[in-house]
Amino acid sequence: MNAARLMKCRLAGTLALAFGLGWSPLAQAQWKPDNPVRLIVPFGPGGGTDLLARSVAVELRKSLGQPVLVENRPGGNGWIGANAVAKASPDGLMLCVCSTGQTSTAGLLGEQPPYNPLKDLVPVSGGWSTTVLLAVRNGLPVSSMAELIAYAKSTPQKLSFGNVGIGSPNHLGGELLSYLAKIELLQVPYKGESDAITALASGTIDIYAPTTSSNAPALIRDGRIKAIAVFTSERLPAFPGLLPVREQGYSEFSMDPITGFYVPAGTPAVIIDTLSKAIQDALKSSGIRESVEKAGARPLIYDASTFRQLVIADRDKWFRLKDAGAIKLTQ
């Protein structure tokens, strides 16, 4: 065997061994941002998503070696902020922390978003599944789900139900509750959760479904608003006396919003992989995990592929409910 052929065989053997051990040139590729990274929050400041996003941003700065700047772009069901990311350059320097209303339920009812939720936004990593309560204003003479439903059926005036946009989880949850309980609710949209909670505390609206990562739990403890149920599926240790809606006679009720991180379509795989690992590492850190759990949320430490499947399954669920007549556009 001549020297050239022997060298080729040795190289082939070395590569075969390397690939067999899971190594590849692509696996060794790394991406480092050369400018600050912008994390878009499609809601106003002070809400649950905003607070947790800022905690994650601190950890990402350490791993990426660049500042991670949180920008609030509220309005339009959260579509304004999500669209900014969908239309951004796919260079990894802009991503969003988007929730159910911007992804799996965007365009479910009425107006369509200016982007394709499944094609223009690419999942990078899971974030968290937020726990949501069902709360009412203090002046409303109800203290339980049964009393709320009875009162809604007895009064000729529709109770007002706040939401953060058509197609948002609290809007869809309100519609599903209306369908299952056979009541009518007047949906009132707000730009962000802090605005909706303020409206509830001031008595401007009757009902709202706040996340536990907002300031709503503090207002509940201070007696400024009343919580009567857990809107999501699981009980909440911080409020042991509250039962989920599904345990109070509405077993078909299911409303578990999911939040994750997305980049524009066309973003190279090496960038997605780098960001995904950095975000997952941040969520695994003791500080972030404690913040998420303290907020009553559940970490979703999923890679891009796994999280995408979760979003698709969630979207399929809501569109099936719409087709069954459980979800409709009301005012």
Side-chain angles (χ1 to χ4, degrees), residues 41-55 72 74-75 78 97 99-101 128-149 151-152 158-165 168-174 177 185-245 247-248 253 255-257 259 290-298:
V41 176
F43 310 108
T49 301
D50 176 64
L51 297 175
L52 290 177
R54 291 179 185 277
S55 296
N72 297 95
V97 52
S99 301
T100 299
W128 48 84
S129 177
T130 308
T131 300
V132 182
L133 301 173
L134 186 62
V136 300
R137 62 178 174 83
N138 270 342
L140 199 67
V142 302
S143 299
S144 68
M145 276 295 301
E147 290 179 357
L148 174 65
I149 301 305
Y151 184 82
K158 295 180 183 178
L159 294 178
S160 54
F161 193 107
N163 64 62
V164 293
S168 63
N170 35 42
H171 166 245
L172 296 179
L177 179 63
L185 298 172
L186 175 65
Q187 292 283 349
V188 182
Y190 289 88
K191 284 187 176 182
E193 179 160 64
S194 59
D195 293 336
I197 292 173
T198 298
L200 183 67
S202 67
T204 304
I205 55 175
D206 298 309
I207 315 168
Y208 179 62
T211 63
T212 53
S213 54
S214 67
N215 66 333
L219 296 179
I220 292 167
R221 295 187 182 96
D222 289 345
R224 296 180 59 188
I225 58 178
K226 293 187 293 185
I228 62 172
V230 179
F231 221 37
T232 36
S233 301
E234 299 181 3
R235 298 190 186 192
L236 186 61
F239 293 94
L242 289 179
L243 296 179
V245 171
E247 293 185 29
Q248 298 192 52
F253 190 88
M255 206 284 299
D256 293 279
T259 298
E290 289 174 5
S291 295
V292 171
E293 293 177 348
K294 184 177 180 181
R298 177 172 55 90

Run the side chain to side chain contact (heavy atoms under 4.5 Å, CB included) check on Val230 and Val132 step by step: do they pass?
CA-CA 6 Å; Val230 179; Val132 182; over 6 Å; no

Which residues share a salt bridge (Lys or Arg N to Asp or Glu O under 4.0 Å) with [X], sequence neighbours left out:
X	result
Glu147	none
Arg137	Asp206
Glu293	Arg289
Arg298	none

Would you say Arg224 has more than 12 foreign heavy atoms packed within less than 6.0 Å of its CZ?
no

Residues passing the side chain to side chain contact (heavy atoms under 4.5 Å, CB included) test with Ser291, sequence neighbours excluded, are Leu52, Ser55

Is there a donor-acceptor pair closer than 3.5 Å between any side-chain N or O of [X] and the backbone N or O of [Y]?
X	Y	result
Ser99	Thr259	no
Glu193	Thr211	yes
Thr204	Leu200	no
Asp50	Asn72	no
Ser129	Pro257	yes

May I ask you to test the [X]-[Y] pair for a side-chain heavy-atom distance under 4.5 Å?
X	Y	result
Val164	Asn170	yes
Ile149	Val142	no
Leu159	Leu186	no

Distance from [X] atom [atom1] to [Y] atom [atom2], nearest 0.5 Å?
X	Y	atom1	atom2	answer
Ile225	Ile207	CD1	CD1	12.5 Å
Lys158	Gln187	NZ	CD	10.0 Å
Leu185	Ser160	CG	OG	9.0 Å

Check against side chain to side chain donor-acceptor pair (under 3.5 Å), Tyr190 and Asn163:
CA-CA 6 Å; Tyr190 289 88; Asn163 64 62; over 6 Å; no

What pair of heavy atoms forms the shortest contact from [X] to [Y], and how long is it?
X	Y	value
Pro169	Thr100	CG-CB, 3.7 Å
Ile197	Ser214	CD1-OG, 3.3 Å
Leu140	Lys226	O-NZ, 2.7 Å
Gln248	Ile228	NE2-O, 3.7 Å
Phe253	Phe231	CE2-O, 3.1 Å
Phe161	Ala209	CZ-CB, 4.3 Å

Quick one about Thr131 and Glu234 (side-chain donor to acceptor, distance below 3.5 Å, no hydrogens or angles considered), yes or no?
no

Pair Asp256-Thr232, side-chain donor/acceptor within less than 3.5 Å:
no

Identify all side-chain donor-acceptor contacts of residues 235-245 below 3.5 Å with residues at least two apart in sequence or on another chain.
| unit_1 | atom_1 | unit_2 | atom_2 | d |
| --- | --- | --- | --- | --- |
| Arg235 | NE | Glu247 | OE1 | 3.1 |
| Arg235 | NE | Glu247 | OE2 | 3.4 |
| Arg235 | NH2 | Glu247 | OE1 | 2.7 |

